[in-house]
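Chain A is the first sequence line, chain B the second, and so forth, proteins listed ahead of strands; every chain is numbered from 1.
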Protein chains: 2
Amino acid sequence: MPARYEQIAAELREAILGGTYPVGSHLPSEAALAARHSAARGTVRQAVALLASEGLVGSRQGARRVVLRGERDQLFGEPYDFARWAGALGHRAGGEVIGRRRRKASATEAVRLAVCAGEEVLSMLRLRTLDGVPVLVERAVYASWVVPAVEVLEPGCESVVGALGETAGLAFRHGEHLIDAVAAGVQEARLLAVRRGSPLLRRRRLTSTAEGRPVEWSDDRYRAGSVVFATRSPGGVNPSLAGQDGDLR
Amino acid sequence: MPARYEQIAAELREAILGGTYPVGSHLPSEAALAARHSAARGTVRQAVALLASEGLVGSRQGARRVVLRGERDQLFGEPYDFARWAGALGHRAGGEVIGRRRRKASATEAVRLAVCAGEEVLSMLRLRTLDGVPVLVERAVYASWVVPAVEVLEPGCESVVGALGETAGLAFRHGEHLIDAVAAGVQEARLLAVRRGSPLLRRRRLTSTAEGRPVEWSDDRYRAGSVVFATRSPGGVNPSLAGQDGDLR
DNA sequence: CAGTGGTCTAGACCACCAA
DNA sequence: TGGTGGTCTAGACCACTGG
């Protein structure tokens, strides 16, 4: 049973996306919403704060809340799942595992995954395709404590995170993303069918359990022009200086 | 005079960044904080919610709040300001305006800036340097209603957004970002001193007033390796398919 | 089990906006 | 000037955590 304010937020969200409150129009006042739902004003405020954090509505002291957007963003805050993402957009996801092996964690990986340096992790290289076109080279490293669960999966498994959620009953969320541009190396050029040195969009991402325990640290490189990352500001995008290895300084 | 909850948040933030509460340690309970500040628990909750939204602390029902990070992220949720950003990182920002002219808004720009198609906007091209090294080509378009305020600024003005905030008393925030990788064109290669076709990190961003009125729509291209964009998940990063022009589909 | 955060209520005062 | 959102208070009950 969702919380009361989540129900109210859901109802308002559907009304906005459904056109009851068009972009630019005003939401009912907090007092009116409270009366309609027989709830306290504070509860209604929690609901609209949720919508504001999603960028759907804006507010100014003294004036009614305004609807800012009328369409849903894809995949709100959900953990990254290539297969599901492609499916939701009406495309066919494919791919193959190029390599998979156990090895010791590097220093950086140990920090990212919050494991001891030198502990054994599972390293995996895969190529992802969209409607048969190669678009992504993924280099993932899994924390030692999930390695057993990952190793029993089919090598052709399309979604490791999705499968872990089902078999191990784990809930995931994303932690951090580091996004930059790099030039394609020899291997990447071959896999993605581009020239060496051509631009790739790199996203390094950390997937954690809902409690904040790191599960997967991955370096994903997309062929330029195939995807765009979109974010809204609260939760923000922070430019940072990069060092020679492309990591933060 | 900042609000009470902002004062409490600021005090806690300083304590965290100053090492009083190291990463992994627990914050005092809400009840304790409320007593210490002679405030109601609700007010304390507003304060810690602010810290949580900054990613500094995490929480689980039933357990004390945990400190997640001990360092400040640059420019939290603040509107983008190249000069201030560089300064905060201890680097010297420079640059020059390459071109500035009025012209009619394109269809895309009209949508982004929420102005009528064909309305007159101000287009500006600038090169930004960091410690003398060129890192960024910025192509900004300003909405018609701020053009007068922008045009009176010195051409050498380092921060348009900052200057507008002072002269026009406007508060800004960022709306959306679209991030991808592109190959350097002839002009960009020359300005950034890289080879044509080499990778650039592109960020298109929309700056709006606090009420959600669009002010500036900009296409920023960074030399690869100079910056990394970092985001945390709530507020999320959503991969989307790109069309031929790199815009969303 | 006692303590904690998550939710909710029912008031209150203020600054600000629009008419 | 009346309505609105922003802030704050002082309670309450619950679900969950930890020892």
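Taking atom CG on L33(A) and atom C1' on dT4(D), their separation rounds to 12 Å, with Å as the unit. Rounded to whole Å, the distance from CD on Q61(B) to C1' on dC8(C) is 14 Å. For L27(B) and dG6(C), the CG to C1' distance is 17 Å, given to the nearest whole Å. Separating the CZ atom of R64(A) from the P atom of dG2(D) is a distance of 17 Å, rounded to the nearest angstrom. In this structure, I8(B) atom CD1 and dT7(D) atom C1' are separated by 12 Å, rounded to whole Å. Between the P atom of dT17(D) and the CD atom of E30(B) lies a distance of 16 Å, rounded to the nearest Å. Whole-Å rounding puts the E6(A) CD to dA15(D) C1' distance at 14 Å. Rounded to an integer number of Å, the gap from CG of L50(B) to C1' of dT7(D) is 14 Å.
Residue S59(A) places at least one side-chain N or O closer than 4.0 Å to OP1 or OP2 of dG6(D). Residue Y5(A) places at least one side-chain N or O closer than 4.0 Å to OP1 or OP2 of dT7(C). Under 4.0 angstrom from either OP1 or OP2 of dT7(D) there lies no side-chain N or O belonging to T43(B). Of the side-chain N and O atoms in R45(A), one or more sit less than 4.0 angstrom from OP1 or OP2 of dG6(D). In this model, the phosphate group of dT9(D) is approached by a side-chain N or O of R4(B) to a distance below 4.0 Å at OP1 or OP2. Proximity of S29(A) to the phosphate of dT4(D): a side-chain N or O atom is located under 4.0 Å from OP1 or OP2.
Using a 4.0 Å cut-off between a side-chain N of Lys or Arg and a carboxylate O of Asp or Glu, R102(A) and E151(A) qualify as a salt bridge.
R4(B) contributes a side-chain N or O that, together with a main-chain N or O of H37(B), makes up a donor-acceptor pair within less than 3.5 Å.
Note that CZ of F229(A) is 8.5 Å distant from NE2 of H177(A), once rounded to the nearest 0.5 Å.
The only option from R205(B), R204(B), R203(B) that meets the salt bridge (Lys or Arg N to Asp or Glu O under 4.0 Å) definition with E138(B) turns out to be R205(B).
Each of G62(B) and A40(A) lies near DNA chain C, and the nucleotide nearest G62(B) is the one positioned closer to the 5' end. Residues A63(A) and A63(B) each lie close to DNA chain D; by heavy-atom proximity, the contact nearer the 5' end of the strand is made by A63(A).
For the residue pair E119(A) / S144(A), a side-chain donor-acceptor distance below 3.5 Å is found, with atom types taken as modelled.
For R41(B) against dG6(C), a side-chain N or O and a base N or O form a donor-acceptor pair under 3.5 Å.
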